[in-house]
Amino acid sequence: MDVKREKKYKILVADDSEMNRSILADILGDEYEILEAQNGLEAVAVLRERGPELSLVLLDIVMPGMDGFEVLAVMNKNRWIEDIPVIMISAESSASHVDHAYELGVTDYISRPFDAAVVHRRVVNTILLYAKQKKLVGMVSDQIYEKERRSSLMIDILSHIVEFRNGESGLHVLHIHTITEILLEHLLQKTNKYSLKYSDISLISTASALHDIGKISVPDEILNKPGRLTKEEFEVIKTHSQVGASMLTKLPFQQDEPFVKTAYEICRWHHERYDGKGYPDGLKGEEIPIAAQIVALADVYDALTSERVYKKAYSHEKAVEMILNGECGQFNPLLLECLTEAADMIRTELNVHSFGPASQREIQKLTEEFRHHEELSASERTLHLLEHEREKYRFFASMSMEIQFEYTVNPPMLTLSEWGAARLGEKELVMRPHKDKHFLEIFGKTQMEEFFRLLLKTTPENPVMQYQCRIWVGGQERWHRIISRATWSADEKPQFLGAIGKAVDIHEECTKMLDLEHSASHDGMTGLLNYASSKKIIQERMAEVPGKRFALIILDLDYFKRANDQHGHMFGDQLLKYFAGKLRQCIRGGDVVARVGGDEFVIFLEYKASLEQIVNRIFHSLLGEYGEFKISVSMGVAKSSLLISNYEMILHCADRALYFAKRSGRGRYSFYDETMKDMFSVISPIDEER
């Protein structure tokens with residue numbers, strides 16, 4: 001019988017002492033899932049990435065890089081402290097420290113050394129208290145969300161009743177909402193003449209749904225007449241604006257609500273024109289409320305581009321041309337500028353917000369799926385979506401094999417992708433770029449200052465920036481192209497928040513282009529150099545500068561035949577591709593790596609310091625698992641010398657060292673020495689290929 005496991009609460013323990021983290025994990029680990037951070041920067045990184053999942057933070061005060069008080073300051077700035085309780089755990093018990101901690105929002109304060117019973121009881125009480133609070137907040141939020149959803153739904157239903165009586169497509173209300181929203185966004189960017197705020201976009205766009213509600217009073221035979229209306233019939237049609245406004249003024253409640261006032265303005269005056277030739281009141285210019293002006297323009301555009309019982313639809317281009325030429329009455333010149341600028345966006349958005357039978361079926365399917373999961377609260381749904389997006393980001397970041405990064409201004413932190421950190425030789429994913437010594441050595445202080453200067457010159461309208469610079473990768477200075485997108489706040493005066501981006505190795509870009517042109521030089525399965533091309537490159541390198549210190553490593557996968565026999569050749573092929581990827585990651589920019597036959601590979605490199613250290617690093621970075629197959633490798637290493645001075649000789653010596661490693665039990669590496677000179681050698685896959 002399947003028993004559903006109860007979900008554990010997650011606790012973040014932030015302490016620079018591994019012993020303290022271990023003690024707390026022992027006290028709490030049976031009941032809670034423990035996440036650890038060894039300094040303040042790591043704690044903030046975990047909070048930024050996994051904050052919604054956390055139920056509690058146990059926070060030390062004295063930590064390197066960023067102390068506990070700084071972490072609390074960041075939590076306050078980002079308002080995380082409102083949702084995540086913090087218990088301060090520290091040997092600092094002075095009144096000033098305790099008072100400052102409480103001022104910054106901590107829930108409790110526990111002094112070291114730890115009393116297991118005290119820690120456990122306070123953690124349980126704090127988590128239960130906040131869990132109940134979150135549940136109540138979630139219930140209230142869900143009720144508010146549901147109330148707003150139902151209110152919006154009622155508006156849509158009411159306005160669609162009018163649409164279908166009018167023989168329209170069912171999309172008119174949605175189109176008016178979309179066009180109104182786009183025009184408002186452009187108007188707010190263009191001028192502050194109308195004292196509009198960004199919150200007014202939603203208000204006016206929603207109220208636009210009621211613009212034709214007065215048509216409910218117009219007889220069907222006039223509303224849906226296919227031919228030209230008589231003068232008398234047109235006068236009846238014109239009454240709908242006054243009738244709609246009158247319906248809103250007779251509401252028995254909420255007359256002072258901004259939504260009702262805006263809906264009234266739109267209903268009554270969305271047929272007024274800028275030159276005073278509209279109806280019902282003949283308002284002129286700025287006498288017409290701006291909400292009504294915008295909905296009027298949206299209404300005319302959609303009427304022109306939609307098919308009606310009395311006319312065919314005009315094209316997007318023709319409709320815009322007719323409006324700009326004054327064929328549909330006069331409009332505010334500022335709004336006509338907005339229409340011109342937003343024309344392409346309007347066409348694109350209306351295509352997205354239109355649907356046929358297939359799309360309706362998809363909407364119905366999604367609705368049923370949502371109903372199936374309606375037991376989830378809004379907050380739980382948000383967590384599921386966030387986790388899904390995180391998993392997608394991690395997957396694509398790992399597959400792209402690029403140096404990807406995210407930078408935030410407050411706190412000033414740089415977060416690298418796992419692959420990017422490994423590529424740069426960084427042990428930590430999160431750092432302070434202006435203070436991290438190793439990062440400054442890799443990037444260069446002058447280049448970094450220039451990069452941030454260019455980043456600050458971006459704007460919300462033009463946030464993308466490219467910068468070429470030299471970065472130290474694997475002991476070599478290589479040219480990279482940094483492609484970055486700045487992020488800005490949604491305030492009326494946008495604030496620079498940070499950036500996301502990636503650094504692309506220009507050398508590798510060129511190599512990829514050359515690979516396409518010279519695919520014959522590479523192995524078709526793994527993408528590595530093949531035997532012939534690697535031989536040529538190694539010969540040239542060894543002859544180029546005599547006296548340099550080179551090494552050749554031959555390695556193969558132990559028990560590869562067993563992997564093919566037990567899991568099939570398709571698995572074996574995938575294993576080789578995976579292993580080739582690991583080889584690429586463990587070499588430096590100037591090293592040569594090739595597949596020379598079957599499961600056998602070579603690495604050729606130049607070294608200056610300890611070769612033993614380099615080989616040991618490569619060897620251990622290749623170990624691991626692929627599916628159910630445990631990856632084990634054997635390696636033979638030969639160094640260049642006066643006697644081993646060309647390709648054939650260094651290959652022969654490395655091959656003998658590999659044979660010795662295999663004879664010694666596999667899963668190890670051996671360096672060639674003179675004792676192997678006359679050792680009996682078997683025919684290797686390299687010999688077979690030659």
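Sequential numbering from 1 along the given sequence is applied to the chain's residues. Model, not experiment: these values are computed from the prediction. These values consider heavy atoms only, across backbone and side chains, with no hydrogens, waters or symmetry-generated copies.
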Salt bridge (Lys or Arg N to Asp or Glu O under 4.0 Å) contacts touching residues 285-295 (sequence neighbours left out)
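Residue pairs with at least one partner in residues 285-295: Lys193-Glu286.
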
Determine yes or no for a side-chain-to-main-chain donor-acceptor pair under 3.5 angstrom, with [X] supplying the side chain and [Y] the backbone.
| X | Y | value |
| --- | --- | --- |
| His211 | Ser208 | yes |
| Ser205 | Ser202 | no |
| Asn462 | Thr458 | no |
| Asn325 | Glu327 | no |
| Thr408 | Gly498 | no |
| Ser306 | Asp302 | yes |
| Glu272 | Asp281 | yes |

Give a yes or no on whether [X] atom [atom1] has more than 12 heavy-atom contacts from other residues, nucleotides or ligands under 6.0 Å away.
| X | atom1 | value |
| --- | --- | --- |
| Asn192 | CG | no |
| Phe496 | CZ | yes |
| Arg79 | CZ | no |
| Lys277 | NZ | no |

Taking only residues two or more places apart in sequence or in another chain, which ones pass side-chain contact (heavy atoms from CB on, under 4.5 Å) with Ala207?
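With neighbours one apart ignored, the set is Phe259, Thr262, Ala263, Ile266.
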
Within a strict 4.5 Å, meaning less than it, do heavy atoms of the Val74 and Trp80 side chains meet?
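Yes, close enough: below the 4.5 Å cut-off.
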
Which pairs, with at least one residue in residues 493-502 and sequence neighbours excluded, count as a side chain to side chain donor-acceptor pair (under 3.5 Å)?
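As it turns out, the side chain to side chain donor-acceptor pair (under 3.5 Å) pairs with a partner in residues 493-502, which skip direct neighbours, are Glu402-Lys502.
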
Nearest 0.5 Å, please: how far is [atom2] in [Y] from [atom1] in [X]?
| X | Y | atom1 | atom2 | value |
| --- | --- | --- | --- | --- |
| Thr180 | Leu187 | OG1 | CG | 12.0 Å |
| Tyr194 | Leu334 | OH | CG | 5.5 Å |
| Lys318 | Ile323 | NZ | CD1 | 12.0 Å |
| Lys457 | Met465 | NZ | CE | 10.5 Å |

